[in-house]
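Values in this document were obtained by computation on a predicted structure and should not be read as measured data. Chain letters run A, B, ... following the sequence lines, proteins first and then strands; every chain starts at 1. Note: hydrogens, waters and symmetry copies are ignored here, and every other heavy atom, side chains too, is used.
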Amino acid sequence: MGLRLFNTFSAKVEDFKPIGDRVGIYTCGLTVQGPPHLGHIRAAVSRDILIRWLLHSGYKVIALENFTDIDDKIIEKQKELNTDWRIIAQENIDKYMKACDELNIIRANIYPKASQYIEEIIELVSKLIEKGFAYEKGGDVYFKVRQFPDYGKLSKKNIDDLVSGARCASTEHKEDPLDFALWKAAKSGEPYWDSLWGKGRPGWHIECSAMSMHHLGETFDIHTGGEDLIFPHHENEIAQSECATGKKFARYWLHNGWVTLGGEKMAKSTGHYFLIEDVLKDYRPNTIRLYLLKTQYRHQIEFSRERLNEAKAAYLRIQTYIHGFENLPETTEPLKLKEFTEAMDDDLNTPKALGIVFDLIKQGYEKPSLDIATSIKYYLKILGFVEEVPEQPFADVMEILHEVKAKIKDEKSGLLDNAAQELWNELENMKSSDEFFPNIVNVLLGIRNRLRKEKEYGLADFIRERLAQKGIQIFDKGDVSTFRVEAK
RNA sequence: GGCGGUAUAGCCAAGUAGCUAAGGCGGCGGUCUGCAAAAUCGCUAUUCGCCGGUGCAAAUCCGGCUGCCGCCUCCA
């Protein structure tokens with residue numbers, strides 16, 4: 001059947017057919033005036049899933065994600081913080097990249113910044129002026145919206161409806177209120193580049209056209225971004241690009257839905273958001289990923305602790321199943337591959353795909369099988385879940401060990417046989433290294449089971465509770481106890 | 001006002017004509033256990049916002065209505 005994607009342009013799910021042998025993808029990334037919030041991460045995860053699935057389906061991909069590192073808001077910030085715009089931009093880029101790496105988001109091949117493509121931008125603007133689609137006035141350059149008859153075709157807006165709603169403020173240089181800035185003259189004290197029209201800087205929309213065309217060609221396959229960019233940003237990109245080249249710009253337009261908070265869109269401008277760095281303090285990356293993938297990328301997601309906790313509980317179910325299967329062989333023929341493929345091919349239906357994974361987990365518990373375990377692992381990898389190495393609170397368990405030792409000494413030293421005693425001594429001589437973490441926990445479990453046999457439940461439960469406090473869960477199965485470190 | 005999205009169980013969320021309406025969370029009951037915890041098993045929507053229509057057959061198509069969200073200004 002093959003991949004089908006919802007194209008905002010046609011408002012339909014379409015068969016995906018790339019132009020060449022390499023799928024070109026451009027993603028509108030952040031305006032790096034502030035640190036990334038969960039909404040930005042959702043866009044990143046949506047792009048990540050798209051790329052993962054394309055790669056899995058055998059496509060080659062070249063992906064770009066831009067950073068708008070120069071714009072009005074960043075200039076404002078520069079004044080406010082009395083620092084350099086480059087520093088602000090870079091700080092936020094670093095934060096974003098760090099969060100993306102933690103969340104196992106596949107990196108784009110190129111992360112262009114607007115400020116690095118001034119030459120290309122100037123060239124493109126000049127071309128638009130030459131062709132009569134743009135004009136210069138007072139050092140500003142504007143795009144003549146009415147010159148492009150298809151304006152509004154992406155966002156399904158009627159040009160005359162826009163006029164009535166358009167703002168009349170600050171149109172001193174505009175011939176028409178609909179026109180938008182390609183180049184903005186610099187005010188004193190603002191960062192600037194020299195151009196044919198004097199000192200200035202690029203408008204917001206033009207950078208994406210310049211950078212995408214520079215790397216992907218005049219027509220490329222997929223353009224992605226948040227739903228809020230459809231108008232005016234993407235509409236303007238289309239207008240500029242298609243007027244400059246006379247060719248179709250992007251062929252598939254994919255837009256992800258919002259993350260909302262109390263039913264309202266999470267947004268920087270309103271201060272109504274949760275920063276990803278804060279969410280990552282309380283939830284592990286796999287939980288956040290599951291939370292996002294539980295809803296199809298086009299739909300709105302409500303942010304709340306309740307939702308995240310729900311995802312955490314659901315992820316625990318997955319984790320519990322795969323625990324103990326760490327060194328599984330790779331499979332090339334997973335179970336339910338057809339169903340999984342159909343779900344993903346259907347506009348990246350991750351909720352459905354996850355349903356298939358949970359079905360397998362259920363089957364795996366009913367009738368343990370290597371095939372099921374390898375299949376689950378195979379799918380988790382496609383969906384971008386990280387293979388987790390849980391943190392090992394070495395110092396904590398050492399502390400517990402000493403507590404237990406003291407208690408036993410005080411109360412019932414005779415309970416422990418010499419073997420346990422020797423093991424203890426051995427452990428105490430070990431260096432503080434995570435390598436020995438499981439050994440120490442196992443010693444504690446051994447002592448606990450000895451205590452349980454002797455019906456010294458008080459102390460046995462003390463060990464269990466202290467470990468639980470440090471996120472180490474104990475599972476008793478007869479006289480064999482295992483443990484699992486639970487993070488967040 | 002124009003345009004777009006959305007409405008499925010206590011909550012979240014798949015499903016776009018036809019076997020018993022996926023899956024997750026929660027809840028209830030059981031198993032396991034020294035007791036817990038965890039895990040696991042079972043149960044948990046005769047019904048898909050409302051009204052009407054077309055079909056042998058509709059959550060799914062058509063018409064109307066209502067609610068919620070968003071875009072039309074910077075925004076992932």
| task | Indicate syn or anti for G24(B), taking the glycosidic torsion and treating anything within 90° of 0 as syn. | result |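 Anti conformation for G24(B).
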Roughly how far apart, to the nearest Å, are [N] and [M] at atom [atom1]?
N: A38(B); M: C74(B); atom1: C1'; result: 49 Å
N: G10(B); M: C71(B); atom1: P; result: 31 Å
N: U60(B); M: A22(B); atom1: C1'; result: 16 Å
N: A39(B); M: C12(B); atom1: P; result: 23 Å
N: A9(B); M: A45(B); atom1: C1'; result: 5 Å
N: G53(B); M: A59(B); atom1: P; result: 15 Å
N: U66(B); M: C50(B); atom1: P; result: 15 Å
N: C61(B); M: A17(B); atom1: C1'; result: 8 Å

As a quick check of understanding, evaluate side-chain hydrogen bond (donor to acceptor under 3.5 Å, both in side chains) for Arg201(A) and Ser115(A), giving each step before the final call. CA-CA 9 Å; Arg201(A) 63 192 156 83; Ser115(A) 64; over 6 Å; no
In this structure, how many angstroms lie between the [atom2] atom of [N] and the [atom1] atom of [X], rounded?
X: Leu308(A); N: C11(B); atom1: CG; atom2: P; result: 20 Å
X: Glu310(A); N: C11(B); atom1: CD; atom2: P; result: 12 Å
X: Met266(A); N: C74(B); atom1: CE; atom2: P; result: 22 Å
X: Glu302(A); N: A13(B); atom1: CD; atom2: C1'; result: 14 Å
X: Phe6(A); N: G5(B); atom1: CZ; atom2: C1'; result: 9 Å
X: Phe340(A); N: A22(B); atom1: CZ; atom2: C1'; result: 15 Å
X: Ile75(A); N: C74(B); atom1: CD1; atom2: C1'; result: 14 Å
X: Leu261(A); N: G70(B); atom1: CG; atom2: C1'; result: 15 Å

Run the ring pair (Phe, Tyr, Trp, His ring centres under 6.0 Å) test against His255(A) and tell me which residues pass, sequence neighbours left out.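 Expected list: His234(A).
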Which of Arg4(A), Lys12(A), Arg298(A) passes salt bridge (Lys or Arg N to Asp or Glu O under 4.0 Å) with Asp347(A)? It is Arg298(A)
[N] OP1/OP2 closer than 4.0 Å to side-chain N/O of [X]:
X: Lys312(A); N: G24(B); value: no
X: Thr31(A); N: A76(B); value: yes
X: His299(A); N: A14(B); value: yes
X: Asn158(A); N: C72(B); value: no

Suppose we call a contact any N or O donor and acceptor under 3.5 Å apart; does that hold for the side chain of [X] and the base of [N]?
X: Asp476(A); N: A36(B); value: yes
X: Arg452(A); N: C35(B); value: no
X: Asp461(A); N: G34(B); value: yes
X: Lys157(A); N: C3(B); value: no
X: Glu227(A); N: G70(B); value: no

May I ask which nucleotide in the shown strands pairs with [N], Watson-Crick or G-U wobble, both distances under 3.5 Å?
N: G42(B); result: C28(B)
N: A7(B); result: U66(B)
N: G23(B); result: C12(B)
N: U54(B); result: none

- Task: Apply side chain to side chain contact (heavy atoms under 4.5 Å, CB included) to Ile472(A) and Arg484(A), showing your working.
- Result: CA-CA 6 Å; Ile472(A) 299 159; Arg484(A) 182 180 63 196; over 6 Å; no
Subject >> First encountered from the 5' end of RNA chain B, between Gly226(A) and Ala353(A) >> reply: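 Comparing both residues, the 5'-ward one is Ala353(A).
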Scan [X] against the nucleic acid and name what it touches under 4.0 Å (heavy atoms): base, sugar-phosphate only, or nothing.
X: Ile356(A); answer: nothing
X: Gly29(A); answer: sugar-phosphate
X: Val259(A); answer: base
X: Gly39(A); answer: base
X: Ser155(A); answer: sugar-phosphate
X: Lys73(A); answer: base

Pair Tyr365(A)-Tyr321(A), ring pair (Phe, Tyr, Trp, His ring centres under 6.0 Å): steps then yes or no:
CA-CA 8 Å; Tyr365(A) 278 122; Tyr321(A) 181 80; 5.2 Å; yes
Between the CG atom in Leu337(A) and the CD1 atom in Ile356(A), the distance rounded to the nearest 0.5 Å is 9.5 Å
| message | Between Phe483(A) and Phe475(A) (judged by ring centroids, cut-off 6.0 Å), do the two rings come close enough to count as a pair? | response |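 No: the rings miss the under 6.0 Å criterion.
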Contact list for residues 224-240 of chain A, test salt bridge (Lys or Arg N to Asp or Glu O under 4.0 Å), sequence neighbours left out:
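Output for this query lists Asp228(A)-Lys265(A).
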Review point. Is there a stack between Tyr457(A) and G34(B), judged by ring centres under 5.5 Å and planes under 30°?
Key: yes
Tell me which nucleotide among [options] gets nearest to the side chain of [X].
X: Phe231(A); options: G15(B), C72(B), A76(B); answer: C72(B)
X: Lys294(A); options: C35(B), G24(B), A76(B); answer: G24(B)
X: Lys352(A); options: A37(B), C25(B), A14(B); answer: A14(B)
X: Pro232(A); options: A76(B), C12(B), U73(B); answer: U73(B)

Would you tabulate the pairs of protein nitrogen or oxygen atoms and nucleotide nitrogen or oxygen atoms of nucleotides 39-43 of chain B closer than 3.5 angstrom?
from   : atom 1 : to        : atom 2 : distance (Å)
U40(B) : OP1    : Arg317(A) : NH1    : 3.2
U40(B) : OP1    : Tyr365(A) : OH     : 3.3

Does a salt bridge link Arg452(A) with Asp476(A), judged by any charged N lying under 4.0 Å from a carboxylate O? yes
Under the side-chain hydrogen bond (donor to acceptor under 3.5 Å, both in side chains) criterion, do Tyr96(A) and Asp94(A) qualify, and how do the steps go? CA-CA 5 Å; Tyr96(A) 177 68; Asp94(A) 291 345; over 6 Å; no
Which of Phe9(A), Phe148(A), Phe220(A) passes ring-ring contact (aromatic ring centres under 6.0 Å, His included) with Phe249(A)? It is Phe220(A)
